[in-house]
There are 2 protein chains.
Amino acid sequence: MRPADPPARNADVRRPTLNAVAALAGVGRGTVSRVINGSPKVSDRSRAAVQRAIDELGYIPNRAARSLVTQRTDSVALVVPEAQNRLFSEPYFSGIIRGVSAGLAGAGMQLLLVLVRDEKEYARLATYLSAQRVDGVLMMAVHSDDTLPDRLEELAVPTVLAGRRGDGEPLGHVRADNGGGARSAVEHLLAGGRRTIGTITGPLDMDVAQARLEGYREALEKAGLEVQDDLIVQGDFTEDGGRWAMRELLRRRPEVDAVFAASDVTASGAVLELRASGRRVPDDVAVIGFDDSIVARHIDPPLTSVRQPLEEMGRTMARLLLDEIEQRGAGHRGVVLPTELVVRESA
Amino acid sequence: MRPADPPARNADVRRPTLNAVAALAGVGRGTVSRVINGSPKVSDRSRAAVQRAIDELGYIPNRAARSLVTQRTDSVALVVPEAQNRLFSEPYFSGIIRGVSAGLAGAGMQLLLVLVRDEKEYARLATYLSAQRVDGVLMMAVHSDDTLPDRLEELAVPTVLAGRRGDGEPLGHVRADNGGGARSAVEHLLAGGRRTIGTITGPLDMDVAQARLEGYREALEKAGLEVQDDLIVQGDFTEDGGRWAMRELLRRRPEVDAVFAASDVTASGAVLELRASGRRVPDDVAVIGFDDSIVARHIDPPLTSVRQPLEEMGRTMARLLLDEIEQRGAGHRGVVLPTELVVRESA
DNA sequence: ATGCCGCGTGGGAGCGGTCCCACGGGTCCT
DNA sequence: AGGACCCGTGGGACCGCTCCCACGCGGCAT
């Protein structure tokens, strides 16, 4: 129990209100509101007077007050499952954020960052999000069995995903052309004369992993080569997983002369294992990764990798979400952005 | 009575209000408010009734409405200058964010992410922030000539910085023990029998760079060695800067047998240059970096590096900010957190 | 002139909370 | 018995904005 209430609530300088602007401009509140919201039904004279008053007072609308009546918050949440946050190579995360931020800033929207630590938090999140009345939700790294997106859809919260859960993703989402990227990687290996090309996949319950594997298959088939199951080893996007998978691959097929890894981190594990087995990269075995992350540039030898247009993906996510907020039922759309092969020394 | 019900404003399901809870619980609005805010002046009977009604309706308070009257937003902004966002090794950024998020979540505070692209945006930011009425501001990576913090202080916006601008930083801030970290790195090199130890610094207008350089000096002096100016080369935290600085260092002192680099990225550049000059790491020249970033683990050889307790730094920032919001004038405090030397193969 | 139209415009009525004042009804003291 | 006090309580008055209705006024047709 507090002995006495804090005196002087706090040192806040009371900011000017719309009322103050109206008084100074000699018009009614309605008119000021119209000017601020760009309504056309205001005379030039009033508009100028209001504008002058706004400038003079340094008036900035109070978001809470507006939000209370419009039932909008002009803010969206970016949900990042904690686990993924580590798993995914960092450029992925920060690149997308940068794009999202840029796309949102233009629309005067705020970005709420929500890191989700554990399952318990995750479960309560849907209610939380709809109660906070964010206008929309951006989700990073959804798993195929993720139900949060469905709940958000039920609650009619506009949602856009980074990546999709599976083939017929009903929600709006943005993803890189994983299949195409993988294809171009394998084609590059083929063009380099490699013939026994293995691949280390990601967890196959993730769409990205599936898509990249599919691209690998397509490239081989297009080249008239047979897809051999023992050249395909499942990894988990980690470095240790990459090492382990590479060892397995070498055991099965010691003559392998190239590897396409579904992530750079995996690839770096593979390179380590190759070196441990006395093989040289790329002379004996060529390696290509995916993501063009920091490690790609820094491992020895520098890694050829598939780059995703991260910032553009982020911007696109923002745009899609804004569209959906503007007119719900605009239909959830999926956007696929092209990838690019960055050739370095490993292949 | 209103003539007719509002014509379904939009597809939003109208969430229950405090009024609805009061009606269902058979009490007044004031009582419900008291229960929600944990006031002791409520009878157990009322409290129970209200609690039941809340659960039944799934009531969650409307932040905007509350914010309007309390003049608080229960949200803080995390400001990240865009340039730094690239410059700083990523674990730094994401580690701190994770800590901040954890620290804030406990207090029911929201985290607003604000990336600042260019100078123009930056200039308007102070006004913007105080107008948005965020309760406080967290700033990443301030430069020593940064004036935004000062403006925020003027505007009486509670602020906590990651790192400090200089020696007598007036604002609350959290930083790693950069000097101590550098010292332990150099001591490790000395313990390994190295005697001609060079250092590649960061931009010396940044406090971290200064502090790390100072630690280098102290360690040498403590060991009774002379600090030789030509063993100190200024870098810029980039890889290229590291290469260039290493080349310069080799030119000045070809017999150098160890290098302490002020960042891992710098160190990785140095390693590249050392190898290009035909030297082996660590056999001929030992190298230690700072940050324990991803690249530290992935370059060849794996880099010995100084780790900062990033997540704890984030949590501490959150706590400091919360304190300052709670009672302004609690005095801006600086907190220094210990670092840890992670020994790998490069030294 | 008289009516009608449409454009700007002012301002009342909320949005959903918190704050605080006034009030009923017990307890305890005189 | 009457007064002073305390406790839990209801509800009015906002917080700063948008929405919308009603109104004044000039121009045009009647």
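Convention: sequence-line order gives letters A, B, ...; per-chain numbering from 1.
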Pick base, sugar-phosphate or nothing for [X], based on heavy-atom distances below 4.0 Å to the nucleic acid.
| X | answer |
| --- | --- |
| B/S67 | nothing |
| B/R66 | sugar-phosphate |
| B/R63 | nothing |

May I ask you to verify if any side-chain N or O of [X] is less than 4.0 angstrom from the OP1 or OP2 atom of [N]?
| X | N | value |
| --- | --- | --- |
| A/S46 | C/dT9 | yes |
| B/N19 | C/dG17 | no |
| B/T31 | D/dG10 | yes |
| B/N37 | C/dT18 | yes |
| B/S33 | C/dT18 | yes |

Round to the nearest Å and state the distance from [X] atom [atom1] to [N] atom [atom2].
| X | N | atom1 | atom2 | result |
| --- | --- | --- | --- | --- |
| A/K41 | C/dT9 | NZ | P | 11 Å |
| B/L18 | D/dG11 | CG | P | 13 Å |
| A/Q71 | C/dG17 | CD | C1' | 13 Å |
| A/Y59 | D/dG16 | OH | P | 10 Å |
| B/R29 | D/dG8 | CZ | C1' | 17 Å |
| B/D74 | C/dT18 | CG | P | 11 Å |
| A/R45 | C/dG8 | CZ | P | 13 Å |
| A/N62 | C/dG17 | CG | P | 16 Å |

Check whether [X] reaches the backbone of [Y] with its side chain - one donor and one acceptor, N or O, closer than 3.5 Å.
| X | Y | answer |
| --- | --- | --- |
| A/S43 | A/S46 | yes |
| A/T70 | A/R66 | yes |
| B/R15 | B/G58 | yes |
| B/N37 | B/S39 | no |

Tell me yes or no: between the side chains of B/S101 and A/R117, is some donor less than 3.5 Å from an acceptor?
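Indeed, the side chains of B/S101 and A/R117 share at least one donor-acceptor pair under 3.5 Å.
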Test for a donor-acceptor pair under 3.5 Å between the base of D/dG8 and the side chain of B/R47, counting only N and O atoms.
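Such a pair does not exist between side chain and base.
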Between the base of C/dG10 and the side chain of A/R34, is there a donor-acceptor distance below 3.5 Å?
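Such a pair exists between side chain and base.
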By nearest nucleotide on DNA chain D, pick out whichever of B/S43 and B/L68 is the more 5' one.
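Residue closer to the 5' terminus by nearest nucleotide: B/S43.
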